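Okay, so here's the structure we're looking at.
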Amino acid sequence: MPDGSSRCDNCIRDNIPCIWRESKRRGPKRKATQSSSKSPTPQRSVASISNLLNESEISDKPNDFLEANNTNNNNNNSRVGELLLSLTPAVLKDSESNLQSTRPNSLVVPRPDDLIQEFYSQKVTSGLRDSVLAYFVYLYAICPILHPSTLLRRSISNALDPLLIDVLHATNVFYSQSIDTPTRADALEKTFSRATQFLHDIQRQPTVEQICALQILDILMTGHRGYRKYDVFKSSLSTLIHQLGWHELDQHENLVTVDTCDEWIERETKRRVFWVNHKIDSQHSLMFSRRPLIEDTRVFVKAPSSESDWDELSTQVLLSNIGETDTETEQLRAIHTIQNSVTQTFQLTAPTEVYLSRLGVFFTDAKKNWLRQRSDNRRWTQNAEAASPLGDSLVFRKFDGELNQWRGGLVVAEELKDPEVDSGDIRFFGSPRARVFIARARYFCIDIYSDALTIFLHLSNRPSFLSEAEPSGQLSSGEQSLATTLLSYLGSAWALGLLSLDVNKPSWKKCLTVCHNMSMSISANSDIPVCFVDMLVPSCVFLGISVLLRQIKILDSDENRIAETEAVAADLLVLWSFFNDLGSLWNTETLKDLLKHLGIDQAITSA
């Protein structure tokens, strides 16, 4: 405990001071205001910074870290090096049936030694080195599938698969701010052509490294080409992963023997690739109102391991760059928390993706059942009672309760803001503060996800949700053209909600509230460059903008609500500016075209 008056079971067992404050549920989600986000941030040690990360609901208790006989020694570097290999697996909270993978204690982990120095030597070309580092800085937090020390070793020995090298080079070009957009697009398209040909010509089982290359490219191309145009390639990759059986990797785990660290790394890589792919497929399934390619009931894969199990290299690197006055015990615990922040942000999105896929299935099935009832019951007439709002159903309330509970446990990204970090010079193999910045960027994205999910759900709480599924429809002739445009880009199960004006009042109020939260979060985290924001965020911001545009139209007819109109317009300007910034990296043209149909130009001019 903070005052040292009592200690948790782990620290009593390990005979070390208990320095962490008690993990607790955060309660209702808090948002920093504009003024508070600009206030000076007090000087923090590496331990105090990691305390903020440690508030996440993922971890039930401090992680076991040191052997019982370890003692503090601030100046003995060799002693610290010995302690690095004594880290034990972190324990994360189970997510339904998916337990977390852990590295067997019997496996001998290769010591990193001078791996970083060799990687920065002439053994690795500058082009490949920059490409590997670009992956770690910009993509690793959302796609942590390449084992750090293995990737560096294979780069040093010139043993990487040519396809992976191509994809890594494309990653570097894509995120390079010094390269113009057409050049970035051309590099991605060329790599995409080679990858597509690889999938087409594949005649034998691909290597794990080749699948990793395809998955990284999958993320880049989804944001570059857009969801609709890229769904075919993504589906092909998902099908290949299904054929390889990676969705059942841990179904018979007790029959699998892992004798070496390399074997464990390969199995863990497959787990991570599957979950990344499954997450993206869940996004697509809701976006296009289709079922996931692999249903949740057919998934037998453990959650990814903790980062301290997976990435033994970063522990050494982060410790060597601390430069703080904390004791050795505090340093090791802090590094463990900071290092695992990558795993935590990856794990936190798991409820998001499961929620996305189940919500899409819920929407689609609700409309199908409504149509079945209408067609089977011959007593229905044209003047029959209208459909009830979806919010009256128990399933809707269950979704809403689960979403609120998940939102309440999120780390507030702006609370991790550190004035000593230069966002333009973030290095993955750098200081602990830089690693915290990468985690903060992920928490910011997760915050935006949670707002968009709330909008997705509550826009369905309206009488017209079910009746619009009927062939006759409920749209006026003036709306029909716009509806056709929306349905050509988005899923039929939810897209018409962007036009509806009959959303239940409490649900509509909740949509407006989260739009304001989204605006506040964007303003409070405006120092995070868009290169750290992933390809799902533009779609989330698009939803927020569509809600605000509709509210402005509602308020325009009431002259007594001028102040409210100005507040909504202020939020709209923040979201629209951020959306345009995202367009400098990700392809937002389709969504921007839809917003123009919804009246964004007129609203911005009036604002």
Side-chain angles (χ1 to χ4, degrees), residues 2 19-21 30-56 74-75 77 80 116 120 130 133-134 136-142 148 175 177 307-308 311 313-345 410-447 520-533 578 581:
I19 62 176
W20 300 107
R21 60 175 178 244
R30 296 183 290 114
K31 288 284 183 180
T33 62
Q34 281 274 52
S35 58
S36 65
S37 66
K38 296 180 180 179
S39 58
T41 303
Q43 181 70 22
R44 299 169 179 162
S45 69
V46 68
S48 67
I49 291 175
S50 66
N51 254 334
L52 292 172
L53 290 167
N54 204 43
E55 289 182 355
S56 171
N74 294 329
N75 300 316
N77 291 331
V80 172
I116 290 291
Y120 278 95
D130 291 344
L133 294 176
F136 281 121
V137 171
Y138 300 115
L139 278 182
Y140 183 78
I142 58 176
Y175 284 102
Q177 299 179 7
E307 205 67 12
S308 57
D311 180 14
L313 176 62
S314 284
T315 307
Q316 180 191 56
V317 173
L318 293 174
L319 276 173
S320 66
N321 287 283
I322 284 182
E324 302 280 359
T325 58
D326 301 316
T327 66
E328 182 176 300
T329 301
E330 291 170 335
Q331 289 178 353
L332 284 169
R333 283 188 176 274
I335 291 304
H336 175 76
T337 301
I338 292 170
Q339 188 179 355
N340 278 344
S341 63
V342 174
T343 307
Q344 290 176 354
T345 56
L410 297 180
V411 171
V412 180
E414 52 264 35
E415 291 187 357
L416 300 177
K417 185 178 291 187
D418 186 349
E420 295 187 18
V421 173
D422 179 4
S423 60
D425 187 31
I426 297 297
R427 292 179 297 117
F428 185 83
F429 296 113
S431 70
R433 294 179 184 276
R435 190 66 69 90
V436 171
F437 178 87
I438 294 175
R440 177 192 161 206
R442 291 304 304 146
Y443 283 120
F444 168 60
C445 293
I446 294 169
D447 188 27
M520 295 286 287
S521 182
I522 290 170
S523 298
N525 294 284
S526 59
D527 60 307
I528 298 178
V530 295
C531 54
F532 289 95
V533 178
F578 183 55
D581 289 343

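These numbers were taken from a predicted model, which means no experiment stands behind them. Just so you know, these numbers use all the heavy atoms, side chains as well, and skip hydrogens, waters and symmetry mates.
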Worked check of side chain to side chain contact (heavy atoms under 4.5 Å, CB included) between Y120 and L133: CA-CA 11 Å; Y120 278 95; L133 294 176; 3.5 Å; yes
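Within the 4.5 Å cutoff, no side-chain heavy atoms of L416 are placed close to those of F444. The shortest side-chain heavy-atom distance between I446 and L410 falls under the 4.5 Å cut-off.
Note that the CG atom of N525 and the CD atom of E415 stand 10.5 Å from one another [nearest 0.5 Å]. One finds the CZ atom of F136 at 10.5 Å from the CD1 atom of I438 (value rounded to the nearest 0.5 Å). Rounding to the nearest 0.5 angstrom, the gap separating the CG atom in L139 from the SG atom in C531 is 10.5 Å. Atom CD1 of I142 sits about 5.5 Å away from atom CZ of R442, to the nearest 0.5 Å.
Using cut-offs of 30° and 60° for the angle between ring planes, the Y140 and F428 rings count as perpendicular.
With sequence neighbours excluded, the residues satisfying ring-ring contact (aromatic ring centres under 6.0 Å, His included) with F437 are F532. Here Y175 pairs with Y138 under the ring-ring contact (aromatic ring centres under 6.0 Å, His included) rule; sequence neighbours left out. Here D527 pairs with K417, R440 under the salt bridge (Lys or Arg N to Asp or Glu O under 4.0 Å) rule; sequence neighbours left out.
Between the side chain of D311 and the backbone N or O of E307 there is no donor-acceptor pair closer than 3.5 Å. The closest donor-acceptor contact from the side chain of S526 to the backbone of S523 lies under 3.5 Å.
Between I426 and A434 the shortest heavy-atom distance is CG2-O, 4.1 Å.
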